[in-house]
Chemist: 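Sharing a structure below in C-alpha cells format, with a few things to ask.
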There are 2 protein chains.
Amino acid sequence: MSAANLRARVRAEMTEEIKNVARRHLATDGANLSLRAVARDLGMASSAVYRYFASRDELLTALIIDAYNEVGDAADRAAATQVMPLGKWLAAGHAVRDWALVNPHQWALIYGSPVPGYQAPQDTIGPATRVILLLGATLGDAYQRGLIPAREPISASFAQELAPIAETFQAGMPPHVVADTLAGFFQLCGAISAELFGQLNKSVDEDRRGFFEYQMRAAAAAAGLS
Amino acid sequence: MSAANLRARVRAEMTEEIKNVARRHLATDGANLSLRAVARDLGMASSAVYRYFASRDELLTALIIDAYNEVGDAADRAAATQVMPLGKWLAAGHAVRDWALVNPHQWALIYGSPVPGYQAPQDTIGPATRVILLLGATLGDAYQRGLIPAREPISASFAQELAPIAETFQAGMPPHVVADTLAGFFQLCGAISAELFGQLNKSVDEDRRGFFEYQMRAAAAAAGLS
DNA sequence: GATTTGCAAGAGCAGTGCTCTCGTTGTGGC
DNA sequence: GCCACAACGAGAGCACTGCTCTTGCAAATC
C-alpha cells in the first residue's frame with residue numbers, strides 16, 4: 001500500500017518540483033521558458049521531463065492554471081475581509097494588483113499577449129473567470145441591496161448582446177451592471193498591465209497604489225457605486 | 001550620382017521588404033518571429049539579413065516603432081475629423097481599436113506583454129506616447145473650453161505624484177484631468193487587449209464595437225466630459 | 001585601372017523542442 | 001518469492017533557431 005503510493009508520491013513531488021523550477025526560470029528569463037534549462041537545473045535529462053509534461057505547452061498550461069487560481073484565491077480572500085460591496089470591490093482590486101506586482105511574469109502569462117503558438121485548452125477557462133465572477137457578484141450584491149441607483153435601461157440590442165455573459169453571473173442582474181462589471185475588470189487589467197509593462201512613466205512609481213485606487217473607485221462610481 | 005544612389009535605394013527597398021515579410025510572418029506565426037524563415041521567404045541566406053538588422057531584436061524594434069506610428073497616425077487622422085472634444089475622444093478610441101482589430105499581432109507587439117529578452121530602446125518612447133498625448137490634448141482642450149465642470153481638487157500628494165506626467169501634457173492642466181486621461185487610456189488598452197486576447201466571452205463578438213464605445217463614453221464621463 | 005567598401009552565401013557553433021531506443025527499477029498478480 | 005509489466009531516466013539524434021566568421025563577388029571611389 002505505502003509501497004504502492006511511493007511512485008505516485010514521488011511523481012507528484014517531481015511534478016511540483018518541475019513547476020517550481022519553471023516558475024523560477026519564468027521570473028528570471030521571461031516568458032521564453034526553456035524545458036532543457038529546467039531539466040538541467042533539476043539535474044535530469046531533458047527527455048525525462050516529458051514523462052511529466054507531454055510538451056512545453058502543457059507545462060505552460062499547468063503554470064497558467066496555477067496562476068489563475070493564485071490570483072483568484074488572493075482576490076477571494078481580500079474580498080472576504082470586507083462586508084460592504086465597495087469595500088469588497090476595492091479590496092479585490094488591490095489584491096489582484098499586489099499579486100501581479102509580486103509575480104509580474106505570471107501576470108504576463110495570463111493577462112499579457114498570448115504565447116505564440118499556444119492555444120488555451122478548456123481546463124483554463126474555469127480558473128480564468130474567477131476574478132471577473134467575483135467582481136460581478138460584488139456589483140450584483142450591491143444592486144440587490146439597493147446600493148446602485150436606478151438607471152435608464154440600456155438599449156435592447158446592447159442588453160441582448162450582453163445576455164450570454166449575464167447568464168454566467170447572478171440571475172436577474174440588469175445589463176448595465178453586467179456592462180459595468182466588465183468595464184471595471186478591463187480597467188483593472190489595463191491599469192495593472194500598463195504599470196507592469198512600463199507604459200507608465202518611470203517617475204511615478206512613488207504612490208502608484210493611490211492612482212490605482214483612484215481608477216478602481218472611478219470604475220465603481222461609473223457603475224453607480226460610491 | 002544616380003549610380004551612387006543605387007546602393008542606397010536598393011538598401012532602403014530591401015529593408016522595407018524585410019519588414020514587410022516579417023510583418024506577414026508576425027500575422028501568421030505569432031510573436032516568435034524567425035529570422036531564418038523571413039530570409040527563406042525572401043530567397044536569401046539568413047546571414048544576409050544581418051546586413052540590414054544587427055539582430056532579431058533590432059528588427060522587432062523597427063516593427064514596433066512602425067506600429068506605434070501607424071496607430072498614432074490613425075488616431076490623429078480620426079480625431080482631426082471631429083471638432084468637439086468628446087467627438088475627438090471617441091473617434092480616436094475607435095480608430096485605435098479598428099487598427100488593433102486589423103493588426104492584432106502588431107497590437108500585441110506594442111501593448112501586450114513585452115517580448116522575453118527584449119529591452120525597448122530610447123527610439124521607441126517617442127512614438128509610443130503619441131496616442132496618450134492625443135487623448136491628453138483632447139481632454140485638456142475640453143477643460144480650457146470650459147466643457148469639463150469644476151471639481152474639487154485632488155489631494156496635494158496625489159497631484160504632486162502626477163506632476164511629472166502633467167508636464168508632458170499641456171501646461172496648466174489640473175491633476176484630475178491628467179489622472180482621467182491616463183485612466184481613460186488604460187481603459188482603452190484593457191478593453192482592446194481583452195477583446196483581442198480572448199478574455200471576452202466568444203459569444204459576444206456581434207457588436208463589440210458598441211460595448212467599446214460604452215466604455216470610452218464612461219471614461220469620458222468620469223473625466224466630466226459628456 | 002587599382003583599391004576599398006558593401007553585400008550575399010555558406011559553414012559552423014551553441015542552443016532549442018521533441019522523439020526514439022535502451023537499460024533499470026518499482027508494482028501488482030500468481 | 002517470482003515474474004511479467006508498466007513507469008522511468010538517460011542518451012543519441014533530428015530539425016530548427018539566433019548569430020558569427022570566412023570567402024568570393026560586385027559596386028563605388030580614387
Side-chain angles (χ1 to χ4, degrees), chain A residues 1-19 21-22 24-26 28-64 109 114-119 121, chain B residues 1-19 21-26 28-64 105 109 114-119 121:
Chain A
M1 180 61 173
S2 72
N5 283 353
L6 194 147
R7 268 248 177 98
R9 204 178 61 240
V10 166
R11 181 177 180 84
E13 284 175 9
M14 199 67 193
T15 305
E16 208 58 38
E17 192 71 23
I18 292 174
K19 286 201 289 184
V21 175
R24 213 162 56 221
H25 275 240
L26 213 61
T28 59
D29 296 354
N32 51 355
L33 183 66
S34 163
L35 233 154
R36 288 180 110 113
V38 171
R40 265 198 304 273
D41 258 28
L42 286 164
M44 67 199 295
S46 67
S47 55
V49 180
Y50 285 85
R51 300 280 175 192
Y52 299 89
F53 296 96
S55 69
R56 182 172 159 278
D57 272 11
E58 198 171 277
L59 174 56
L60 278 177
T61 299
L63 295 181
I64 286 174
L109 208 56
V115 179
Y118 180 79
Q119 189 62 21
Chain B
M1 180 63 177
S2 73
N5 284 353
L6 195 148
R7 269 246 181 96
R9 203 176 63 238
V10 166
R11 180 177 180 85
E13 283 175 10
M14 198 68 194
T15 306
E16 208 58 38
E17 193 72 23
I18 292 174
K19 286 200 289 185
V21 174
R23 261 187 285 262
R24 213 164 54 223
H25 276 241
L26 213 64
T28 60
D29 297 354
N32 50 355
L33 184 66
S34 163
L35 234 155
R36 288 180 111 113
V38 171
R40 265 197 304 275
D41 258 28
L42 286 165
M44 66 199 297
S46 66
S47 55
V49 180
Y50 284 84
R51 297 275 170 189
Y52 299 89
F53 296 96
S55 69
R56 181 173 160 279
D57 273 11
E58 198 170 279
L59 174 56
L60 279 177
T61 300
L63 295 180
I64 287 174
H105 291 93
L109 207 57
V115 179
Y118 180 78
Q119 189 63 20

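Naming: A, B, ... by sequence-line order, numbering from 1 per chain. The figures that follow rest on heavy atoms only: side chains count, while hydrogens, waters and symmetry mates do not.
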Chemist: Can you check the A/Met14 CE to D/dC8 P distance for me, whole Å?
Modeler: 11 Å

Chemist: Would you kindly give the CG-to-C1' distance between A/Leu35 and D/dT17, to the nearest whole Å?
Modeler: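 Distance check: A/Leu35 CG to D/dT17 C1' gives 16 Å.
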
Chemist: What is the separation between atom CZ on B/Arg9 and atom P on D/dA28, rounded to the nearest whole Å?
Modeler: 10 Å

Chemist: What is the distance from CG of A/Asn32 to P of C/dG17, rounded to the nearest Å?
Modeler: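 Between P of C/dG17 and CG of A/Asn32: 9 Å.
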
Chemist: Grab the CZ-P distance between B/Arg40 and D/dG18 for me, whole Å please.
Modeler: 9 Å

Chemist: Would the distance check show the side chain of A/Glu16 and the main-chain N or O of A/Ala12 forming a donor-acceptor pair, the cut-off being under 3.5 Å?
Modeler: no

Chemist: Using atom CZ of A/Arg11 as one end and atom C1' of C/dT25 as the other, report the distance to the nearest whole Å.
Modeler: 15 Å

Chemist: Report yes if a donor N or O on one partner sits less than 3.5 Å from an acceptor N or O on the other, where the partners are the side chain of A/Arg36 and the base of C/dG17; otherwise report no.
Modeler: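 Such a pair exists between side chain and base.
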
Chemist: C/dC7 C1' sits how many Å from B/Glu13 CD, rounded?
Modeler: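 For the pair B/Glu13 CD and C/dC7 C1', the rounded distance is 16 Å.
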
Chemist: Between the side chain of B/Glu17 and the main-chain N/O of B/Glu13, is any donor-acceptor distance below 3.5 Å?
Modeler: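 A pair under 3.5 Å: no.
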
Chemist: Between D/dC19, D/dT17, C/dC18, spot the one nearest the side chain of B/Tyr50, thanks.
Modeler: D/dC19

Chemist: Under the 3.5 Å rule, do the base of D/dG9 and the side chain of A/Ser47 count as making a donor-acceptor pair?
Modeler: no

Chemist: Would you say B/Arg56's side chain and B/Leu33's backbone share a donor-acceptor pair under 3.5 angstrom?
Modeler: yes

Chemist: For the side chain of A/Met44, starting at C-beta, report the closest nucleotide among C/dG15, C/dG17, D/dA10.
Modeler: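 Among C/dG15, C/dG17, D/dA10, the one nearest the side chain of A/Met44 is D/dA10.
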
Chemist: Provide, to the nearest angstrom, the distance between the CZ atom belonging to A/Phe53 and the P atom belonging to D/dC8.
Modeler: 12 Å

Chemist: So, under a plain 3.5 Å distance rule, would you say the side chain of B/Arg51 forms a donor-acceptor pair with the base of C/dG6?
Modeler: no

Chemist: Classify A/Leu33 by what it touches in the nucleic acid, base, sugar-phosphate, or nothing, heavy-atom distance under 4.0 Å.
Modeler: sugar-phosphate

